[in-house]
Structure formats: C-alpha cells, structure tokens
Amino acid sequence: MEKIVNRDYFRISANDLAIKLLGNYLCREISGKLIKTKIVETEAYMGEFDKASHASTKNKTERNSILYMDGGHVYIYLIYGKYYCFNIVANRKRKPESVFIRAVEPVEGLETIKKNRKNIHKEIELTNGPGKLSMALELDKEFNKKDLTNNKYLWLEKKSNKNFKIKRDRRVNIDYAEEFKNKKWRFYIMNNRFVSN
DNA sequence: CTCACGATTAGA
DNA sequence: CTAATCGTGAGA
C-alpha cells in the first residue's frame, strides 16, 4: 500500500480533499501494533468566511493557528471537555481550511482498537464518530500540529480501487453557523455502516 | 480574571 | 433525551 508523503496531495481545497480522502486509510502504530482504518465520513471547513470553522474568528488564536499552516498537518482539539476531534489541514499556508474526519472503519488491529474502547462491545460503535475514532486510535493533543507526511506513528495510505458511491449532506452539530449550517460539506461512503449519521 | 459553551458520547 | 466535563476565546 502506498503511503501519502507528498504535500501537494493536501494542497487543494478542503471540499476536494474531503472527497479525495474517502476510502483511503488512516494508519496508526502504537507500541509496535498496527491499526489501519478506512476513512468513510468527512466534513470540510472552508476558512475564515465559513462561520462553522474555527478559523471564522479571523485573528489567529492559539487554537486555530495550525489551520494557517501548510496542508498535511494535523489539527486536534478537545470538545466538551472530554473528546478529541481529528482534522487534517487542507490547502496552502495562510488558507485556513481543514477536513474533519467523522468516521472510520477498522481494517487491521481490531484487537488494539477494542482494548482502547473497553466497555464498547458492538463493533459498529468502535469508530462511528469523531470522538470514538480518536479514542480507538489513541489520538489526542499530542498529535496536534504534527506533520502527517512525515510521522512514524500516524500516516495515510492510498487505496487503489474506490468502488463506492459518495453521498453529500449537511454538516453535523453546527447550528450556530447561520447561513453556513446548510452547506452540504459533509461527505460519506454510501451504505457504509460506520458512517455516524 | 471570569464565564459561557462546544465540529460529542454513553447511558437512562 | 440529557448530563458530563474542561480548555478555549471573548469580554471586563
């Protein structure tokens, strides 16, 4: 499987990257154990003008400064004081776009995933949400601002054949985003059971 | 410094 | 349906 190490891969709009990432693999190594998951649901956050985006505050804050870096970096933040949300920075420097990974499907390393999700017994519940996949892959603030094109413990791999249909819908839980709350900037693999909504 | 609240989840 | 839970950003 081909690792994605070319930064130009990420230097496109978040909308395009959100679609491009579907079907590819998000991989993680934890103390010698490999976890491999298929990306099945994504959302695009399009920049300062997008009222749902953490870049909508314009002025760089400590939290959103990573969004202004080059594509291919990791943006992870804490939500509701409890869960981590994993994003991939899109586009070039000074273009604060990002792709939010909402759901993945386990491909390899199911045992490690289950260990990280103790008390969860239905396989479907292991990774069918942004906070859930972060727990499953042990993604936390330590990975914030890391470079996905050059990280030993977290990387992406390409899938060659993409035999699936992509569905497009509204983003989830952004009622505060006014006219942007109805933009269809969420994408997911049709009929995949790990999709969150 | 204070304070309201969220790109969510698990459990009642 | 809703409580949990705390870092962040905005405002004083």
Side-chain angles (χ1 to χ4, degrees), chain A residues 10 13-22 26 37 39-69 71 73-91 95-106 113-146 148 154 167-189 193-197:
Chain A
F10 302 96
S13 77
N15 260 327
D16 291 339
L17 186 61
I19 292 167
K20 193 176 179 182
L21 286 171
L22 289 176
L26 176 63
T37 64
I39 297 172
V40 301
E41 183 181 4
T42 57
E43 282 179 358
Y45 287 81
M46 293 299 288
E48 294 180 349
F49 70 92
D50 177 1
K51 288 179 181 165
S53 171
H54 288 167
S56 68
T57 51
K58 304 280 189 292
N59 310 320
K60 282 197 234 186
T61 60
E62 189 167 339
R63 183 171 71 164
N64 76 16
S65 63
I66 180 60
L67 296 174
Y68 290 79
M69 300 312 298
H73 286 86
V74 173
Y75 170 41
I76 292 190
Y77 65 91
L78 184 68
I79 187 72
Y80 297 104
K82 227 187 200 154
Y83 306 104
Y84 289 99
C85 289
F86 173 73
N87 299 251
I88 298 174
V89 177
N91 220 316
K95 298 277 195 179
E97 302 179 24
S98 58
V99 176
F100 180 36
I101 309 298
R102 285 197 58 85
V104 300
E105 173 182 343
I113 288 175
K114 283 180 176 167
K115 191 187 293 179
N116 287 337
R117 300 281 289 131
K118 56 172 197 249
N119 301 335
I120 305 298
H121 299 298
K122 286 185 228 164
E123 185 172 331
I124 193 78
E125 302 286 343
L126 293 173
T127 56
N128 68 340
K132 297 177 189 177
L133 73 90
S134 291
M135 291 185 272
L137 304 207
E138 293 184 39
L139 299 174
D140 59 22
K141 62 182 194 293
E142 297 304 308
F143 278 100
N144 192 35
K145 304 189 180 188
K146 290 285 194 292
L148 260 187
L154 184 65
K167 190 123 168 52
R168 192 188 173 123
D169 212 336
R170 287 190 279 272
R171 294 175 292 182
V172 178
N173 286 345
I174 51 153
D175 287 346
Y176 55 85
E178 300 174 28
E179 73 268 32
F180 288 90
K181 74 175 182 221
N182 291 322
K183 298 283 182 190
K184 294 194 169 179
W185 288 343
R186 178 163 69 104
F187 308 90
Y188 56 88
I189 294 178
R193 61 200 222 283
F194 286 88
V195 170
S196 71
N197 270 280

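First the proteins, then the strands, lettered A, B, ... as listed; each starts at 1.
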Looking at A:Lys95, I'd like to know if its NZ atom is crowded, meaning that more than 12 non-hydrogen atoms belonging to other residues, nucleotides or ligands lie closer than 6.0 Å. no
Which donor-acceptor pairs under 3.5 Å do side chains of residues 131-144 of chain A form with protein atoms, sequence neighbours excluded?
residue, atom, partner, partner atom, Å
A:Lys132, NZ, A:Glu125, OE1, 3.0
A:Lys132, NZ, A:Asn128, OD1, 2.9
A:Ser134, OG, A:Tyr84, O, 2.8
A:Ser134, OG, A:Pro130, O, 3.2
A:Glu138, OE2, A:Asn116, ND2, 3.2
A:Asp140, OD1, A:Glu142, N, 2.9
A:Asn144, OD1, A:Ile76, N, 3.0

Restricting to non-hydrogen atoms, name the atom on A:Ala55 and the atom on A:Pro96 that form the minimum distance, rounded to 0.1 Å. CB-CB, 3.7 Å
Give a yes or no on whether A:Arg170 atom CZ has more than 12 heavy-atom contacts from other residues, nucleotides or ligands under 6.0 Å away. no
Determine yes or no for a side-chain-to-main-chain donor-acceptor pair under 3.5 angstrom, with A:Thr127 supplying the side chain and A:Val104 the backbone. yes
May I ask you to say what A:Asn87 touches in the nucleic acid, namely base, sugar-phosphate or nothing, with a heavy-atom cut-off under 4.0 Å? base
Test A:Leu126 against every option in A:Lys114, A:Glu105, A:His121 by the side-chain contact (heavy atoms from CB on, under 4.5 Å) rule and name the one that passes. A:Lys114
Please list all pairs passing the salt bridge (charged side-chain N to carboxylate O under 4.0 Å, His left out) test where one or both residues lie in residues 41-60 of chain A, with sequence neighbours left out. A:Glu41-A:Arg102, A:Glu41-A:Arg186, A:Glu43-A:Arg102, A:Asp50-A:Arg171, A:Lys51-A:Glu178, A:Lys51-A:Glu179
Expressed in whole Å, how much space separates the P atoms belonging to B:dT2 and C:dT5? 22 Å
Is the positively charged end of A:Lys183 above the ring of A:Phe180, judged by distance under 6.0 angstrom from the centroid and angle within 45° of the axis? yes
Residue list, side chain to side chain donor-acceptor pair (under 3.5 Å) with A:Asn64, at least two apart or on another chain: A:Thr57
Base, sugar-phosphate, or nothing for A:Arg102, non-hydrogen atoms under 4.0 angstrom? sugar-phosphate
Summarise how protein sits on nucleotides 4-12 of chain C as a single string, 5' to 3': B when a protein heavy atom is under 4.0 Å from the base, S for sugar-phosphate-only contact, - for no contact. -BBSSSS--
Test side-chain contact (heavy atoms from CB on, under 4.5 Å) applied to A:Ala90 - qualifying residues, sequence neighbours left out: A:Ala14, A:Leu17, A:Glu97
Report which part of the nucleic acid A:Arg117 touches: base, sugar-phosphate, or nothing (heavy-atom distance under 4.0 Å, all strands). sugar-phosphate
Going by the rule side-chain contact (heavy atoms from CB on, under 4.5 Å), which residues pair with A:Lys115 if we only count those two or more places apart in sequence or in a different chain? none
Not counting sequence neighbours, which residues clear side chain to side chain donor-acceptor pair (under 3.5 Å) with A:Asp16? List them please. A:Ser13
Using ring pair (Phe, Tyr, Trp, His ring centres under 6.0 Å) as the criterion, list what pairs up with A:Tyr77, not counting sequence neighbours. A:His54, A:Tyr75
Stem finding on DNA chain B, please: runs of three or more consecutive Watson-Crick or G-U wobble pairs, both distances under 3.5 Å, sorted by first number. B:1-6 with C:6-11, B:8-11 with C:1-4
Strand-adjacent residues in residues 176-184 of chain A, judged by heavy atoms under 4.0 Å from DNA chain B: A:Tyr176
Provide the start and end nucleotides, 5' to 3', of the part of DNA chain B that has atoms under 4.0 Å from heavy atoms of chain A. B:dG6 to B:dA10
